[in-house]
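Accompanying notes for the structure given below.
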Amino acid sequence: MRFGVVRFPGSCDEVDAQLACERVADATLLWHGDRDLQGVDAVVIPGGFSYGDYLRVGAIARFSPVMESVIAFAREGGPVFGICNGFQVLCEAGLLPGALLTNESLRFVCRQVDVVVEHDDTPFTNATEAGERLSIPVKHTTGRWYAPPELLDEVEANEQVVLRYAPGHNPNGSLADVAGVRNAEGNVFGLMPHPEHAVDPLTGSVDGLKLFASIRDHVAPRVAA
Amino acid sequence: MSRVRVLVRPKAGILDPQGQAVERALPALGFAGVANVHVGRLIELDVDDPAQLPEMCRKLLVNPLIEDYEIVTA
């Protein structure tokens with residue numbers, strides 16, 4: 001099973017994401033200017049500042065050649081995992097509901113937070129338990145997830161909120177303490193915290209590894225079949 | 001070509017911490033009687049066909065989920 005991690009100009013967490021993927025499976029970097037996804041089984045859109053985050057975060061990246069292929073891959077049901085800037089890109093691309101706004105504090109936040117798993121029956125959380133708390137760092141200025149009231153109702157009714165910040169841990173003022181959401185079909189997921197920075201005891205937590213292992217466990221049987 | 005300005009602002013009702021920060025800063029400098037401050041974005045462009053502007057806004061310049069816009073022609 002092989003992950004593909006997209007590298008945009010301005011990405012900065014693609015190597016950490018690749019290393020995290022390599023702890024559970026194989027991984028390869030995908031260049032933003034290439035349309036060829038090289039037959040990977042899952043796509044990771046990493047953190048950073050794609051295309052300088054000019055205009056709005058993620059707004060330019062969504063039109064890159066690689067994103068045309070990622071959007072087609074997602075439409076065919078392929079698993080797509082967006083972290084931080086990757087989450088922002090997926091929202092701008094219309095693959096995930098909502099948008100990310102400047103933190104309520106207007107400040108860059110960089111700290112370890114607890115998130116609670118709302119659903120463990122997804123391709124991204126099957127190695128966790130519903131209700132489990134994961135300790136994962138955040139580092140962002142534009143992480144306040146927002147959706148208009150009618151869209152929020154729809155997202156909640158469809159059980160698309162996969163991760164919520166634990167009480168008292170919301171670092172950005174996101175609506176309904178949303179830390180990560182999936183699409184209605186369930187194969188695209190984005191979150192603001194950085195699981196790729198929580199894969200080694202040396203950095204304080206290995207909880208992030210569970211999300212990468214989940215994707216592998218979801219995909220691997222299909223690849224082998 | 002026509003010179004055009006697109007004014008982008010946060011949608012009404014969405015928390016606008018930038019606007020709030022400016023609204024708090026002005027009285028601190030002695031400017032009284034300031035309310036409802038919102039901070040948005042100004043995009044200036046020369047276009048051959050201004051009729052394309054709404055589509056440009058919808059597809060790239062504006063995120064309609066969170067922003068409203070206004071097209072101002074000179």
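Note on naming: letters A, B, ... go to the chains in the order of the sequence lines (proteins, then strands), and numbering restarts at 1 for each one.
- Contact record, A:Arg144 with B:Pro17: NH2-CD, 3.4 Å, taken as the closest heavy-atom pair.
- In this structure a side-chain-to-backbone donor-acceptor pair under 3.5 Å is missing from B:Arg41 to A:Arg56.
- Distance CG/B:Leu60 to CZ/A:Arg62: 8.0 Å, rounded to 0.5 Å.
- Heavy-atom neighbours of chain B within the stretch residues 177-195 of chain A, taken at a separation under 4.5 angstrom, are nonexistent.
- Atom CD of B:Glu55 is surrounded by 12 or fewer heavy atoms from other residues, nucleotides or ligands within 6.0 Å.
- For A:Phe63, the CZ atom sits in a packed shell: over 12 heavy atoms of surrounding residues, nucleotides or ligands are nearer than 6.0 Å.
- Environment of CZ in A:Arg133: crowded, with over 12 heavy atoms of neighbouring residues, nucleotides or ligands closer than 6.0 Å.
- For chain B, the nearby parts of A:Leu55 are the backbone and the side chain; heavy atoms of each come within less than 4.5 Å.
- Between atom CG of residue A:Leu101 and atom CD of residue B:Gln18 there is a gap of 10.5 Å, rounded to the nearest 0.5 Å.
- Residue B:Arg5 places its CZ atom among 12 or fewer non-hydrogen atoms of other residues, nucleotides or ligands, all under 6.0 Å distant.
- The two residues B:Leu65 and A:Tyr146 come nearest to each other via the heavy atoms O-CE2, 4.0 Å.
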